[in-house]
2 protein chains.
Amino acid sequence: MATGKKTYQNTILDIAEALKLSPATISRALNNHPYVKEKTRNDVVEMATKLGYRRNHMASGLRSNKTRTVGLIIPRVSMFFHAEVITTIQNDLHKHGYNLIICQSNDSVSMERELAETLYASRVDALIAACTLQTIDFAHFDKFVEHGTPVIFYDRVPVKAYRATLIKGDDFQGAYAATSHLIAAGCKRIAHVSGPLTSNLYQDRAAGFLKAMEAHGLSVNQDWVFHQELSHENAFKAMHKLFETTAVPDALFADNDTTAIAAIEFAKARGIAVPESLKIAGYSNDPRTAIISPAVTSVEQFPNLVGRRIVETLVDLLAAEQEGAVYKTEPIIIPVKLISRMSTSTI
Amino acid sequence: MATGKKTYQNTILDIAEALKLSPATISRALNNHPYVKEKTRNDVVEMATKLGYRRNHMASGLRSNKTRTVGLIIPRVSMFFHAEVITTIQNDLHKHGYNLIICQSNDSVSMERELAETLYASRVDALIAACTLQTIDFAHFDKFVEHGTPVIFYDRVPVKAYRATLIKGDDFQGAYAATSHLIAAGCKRIAHVSGPLTSNLYQDRAAGFLKAMEAHGLSVNQDWVFHQELSHENAFKAMHKLFETTAVPDALFADNDTTAIAAIEFAKARGIAVPESLKIAGYSNDPRTAIISPAVTSVEQFPNLVGRRIVETLVDLLAAEQEGAVYKTEPIIIPVKLISRMSTSTI
DNA sequence: TTGTACGCGTTATCAA
DNA sequence: TTGATAACGCGTACAA
């Protein structure tokens, strides 16, 4: 261990004293207030640098009631889609002079509640959230809404009406496109491994799947439809069930890529030929889908586009805040695109 | 757009007024100060809930000079290793009542500087940083050190002595083990695709590689050693160079898994048999290495262990702060482990 | 264009 | 065990 002494903190008062000016002038100079003589401003900036002055966000935030900080709550930073969204959000917010506090809920509702509490305590200027799959009650976001702080939900959004802005991918169309693609490839016996129906994601994807089946005159075998946490382990369990009898599916639509990849692994281990005997489609276009062989067909969600729209919307809301606009009433839907790969090939 | 009104903010003064107590007592009750009557505390907590009181971090931080917030600067949240480290850090810090502000530098030195500035302005109680590969000058962290704020560097750490705590993987041993493993598999003509030598990571891995070669009496072909940004694209370029002549290597040690995976893809495209004609080892044990075929041998860095040690060390430093201990003088080295897979198999 | 004076919400210090 | 009061560092009416 080594020792370090606490040193003196320079404040605008120190700059004022050194320059024989009032703290008010220093504050104005540092905040690009119009009524400051150019020379004064230069002197102040120079002295600030010389003294190693750093603004204290807490003091200025307390006074001005603005933090220029945005809070973000997501289930996990390690999910490809979210990692990309974060990167875009951070970069774009930075251009507008906002900072970002990133928090992980680990897909735990109680953690999500605590994080919301903390971010509120930090008085963030806005909140962005991708909720957990189990979040049904959104009351822990009420305080933001009541306080006039814009809230943007993306990806996993409230199913019921809520006074916040919604930005989400077109899950219905994504599922519809993937299912139709499988059908066009000649599949008739299509299984669907989906997530918990508490989430809008899987409600919409399930609806898209059913609609596509119906539109093509195919019946859905309920034994082949799963709603479960989309883990690698659960995917294997589902695959075991699907292939434990003689009547087996000829295609699988998986609601995430982890499940699709597990299905590929299962098929390899069992000697089931993909795509010949079983075609597989996933969701999210995780980089792993392109690496595994056979490469997996998946649905691209354009995370960068999602991130960009989030920040655009946020900046808009923040700018209009004095007029009292805290959310967009219409959900913003980001289009998706099916990426066809070997796992659904007919050649 | 919809409208939302700004509502009244309740403060400890409101609670004090409602309870006919002084704000000081409210503060003490809410902070679990010992000298508060049990009944008073209960009354306060009850009234706080009733009024929807939320502490204002800015005000308490300003006054107490503690934020119970830790800043984290990393190159990218989307890198597997870092994503895992973050998760552990956040969860462990949370147990100790600390919050985490995660910031991405995008591997840009100027962004790293700005983020350091911002986190200092937020007066975080401690800073954790994995620097960019180009960070040679660490002056932007000086203000923390001078202010007595503990700084912990991990993974990418200053090469020269710096008044901060260092936590890193055993890159020398990792590279030594991987190279020795290739040699034990019968390889004699080993190429090394490494990163920029500005970073401790690649200095150490390069040293480990050389030491292993030397220890086994093998000579290093300098045309087969690359120091470059470890991107997918650069990896392909390096592979092209390696295989453009008739004298080709029989093994590749890559300093990250992206490079190793690109090498596998290159080999497939060129009809080079892996592992028969070319053995490949990567670094970091990214999940993709287990998915691609052939699966890639890699070096596990135990990100969860790294994260745990970071928080342990931090909590220790924070607790001892009044005694003036702001860093550990000895670097903390986390062991690594070679994970052998098909890409280096001799069967 | 600059200075004066106050307050943001909380906590530390002292006194009661 | 509680209260009164000042102070943290900054921004902003208002006055000059």
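Lettering of chains follows the sequences in order, A, B, ..., and the numbering in each one begins at 1.
Counting 5' to 3', DNA chain C first comes under 4.0 angstrom of a heavy atom of chain B and last does so at the ends given by C:dG9 to C:dT13.
Between the OH atom of B:Y35 and the P atom of D:dG3 there is a distance of 17 Å, given to the nearest Å. If you take CG of B:L13 and P of D:dA6, they are 15 Å apart, rounded to a whole angstrom. Distance CG (B:L19) to C1' (D:dG3): 14 Å, rounded to an integer number of Å. Nucleotide D:dG9 holds its P atom 14 Å from the NZ atom of B:K66, rounded to whole Å. Separating the CG atom of B:L30 from the C1' atom of D:dT1 is a distance of 17 Å, rounded to the nearest angstrom. Look at CG on B:N56: it is 14 Å from C1' on D:dG9, rounded to the nearest Å. Per the geometry, CD1 belonging to A:I15 stands 13 Å off P belonging to D:dG9, to the nearest Å. Protein atom CG of A:N10 is 14 Å distant from nucleotide atom P of D:dC8, rounded to whole Å.
Ring-centre distance between A:H147 and A:Y120: below the 6.0 Å cut-off. Between B:H82 and B:Y154, the distance from one ring center to the other falls under 6.0 angstrom.
A donor-acceptor distance shorter than 3.5 angstrom exists from the side chain of A:D125 to the backbone of A:T67, with no hydrogens or angles considered.
The existence of a salt bridge linking B:E312 and B:R309 is confirmed by a sub-4.0 Å separation between a basic side-chain nitrogen and an acidic carboxylate oxygen.
Note that the two end axes of the helix from C:dT1-D:dA16 to C:dA16-D:dT1 enclose an angle of 30°, each drawn from 5 base pairs, rounded to 10 degrees.
In this structure, A:L21 reaches the sugar-phosphate backbone alone: every heavy-atom distance under 4.0 Å involves primed, P, OP1 or OP2 atoms, never a base. Nucleic acid contact class of A:K39 (heavy atoms, under 4.0 Å, all strands): none.
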- Could you walk me through whether A:L93 and A:N99 pass the side chain to side chain contact (heavy atoms under 4.5 Å, CB included) check? CA-CA 7 Å; A:L93 276 181; A:N99 298 117; over 6 Å; no
- Message: Evaluate A:D107 against A:R156 for salt bridge (charged side-chain N to carboxylate O under 4.0 Å, His left out), listing each step before the verdict.
- Response: CA-CA 11 Å; A:D107 241 318; A:R156 295 131 174 243; 3.4 Å; yes
- Query: Given the rule in the side chain to side chain contact (heavy atoms under 4.5 Å, CB included) test, do B:V306 and B:K168 qualify, once you have shown the distances and angles that lead to the verdict?
  - Reply: CA-CA 8 Å; B:V306 172; B:K168 48 190 247 184; over 6 Å; no
- Query: Between B:H94 and A:E114, is a side-chain hydrogen bond (donor to acceptor under 3.5 Å, both in side chains) present by the stated rule, with each step listed?
  - Reply: CA-CA 10 Å; B:H94 186 259; A:E114 287 189 51; 2.7 Å; yes
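Side-chain atoms of B:N31 and B:R55 include a donor-acceptor pair closer than 3.5 Å.
The side-chain tip of A:R163 does not point at the ring of A:Y327 from less than 6.0 angstrom away and within 45° of straight on.
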Please enumerate all protein N or O atoms sitting under 3.5 Å from an N or O of nucleotides 12-16 of chain D, with distances to 0.1 Å.
none

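Counting only heavy atoms from C-beta outward, the side chains of B:E46 and B:L51 never approach each other to under 4.5 Å.
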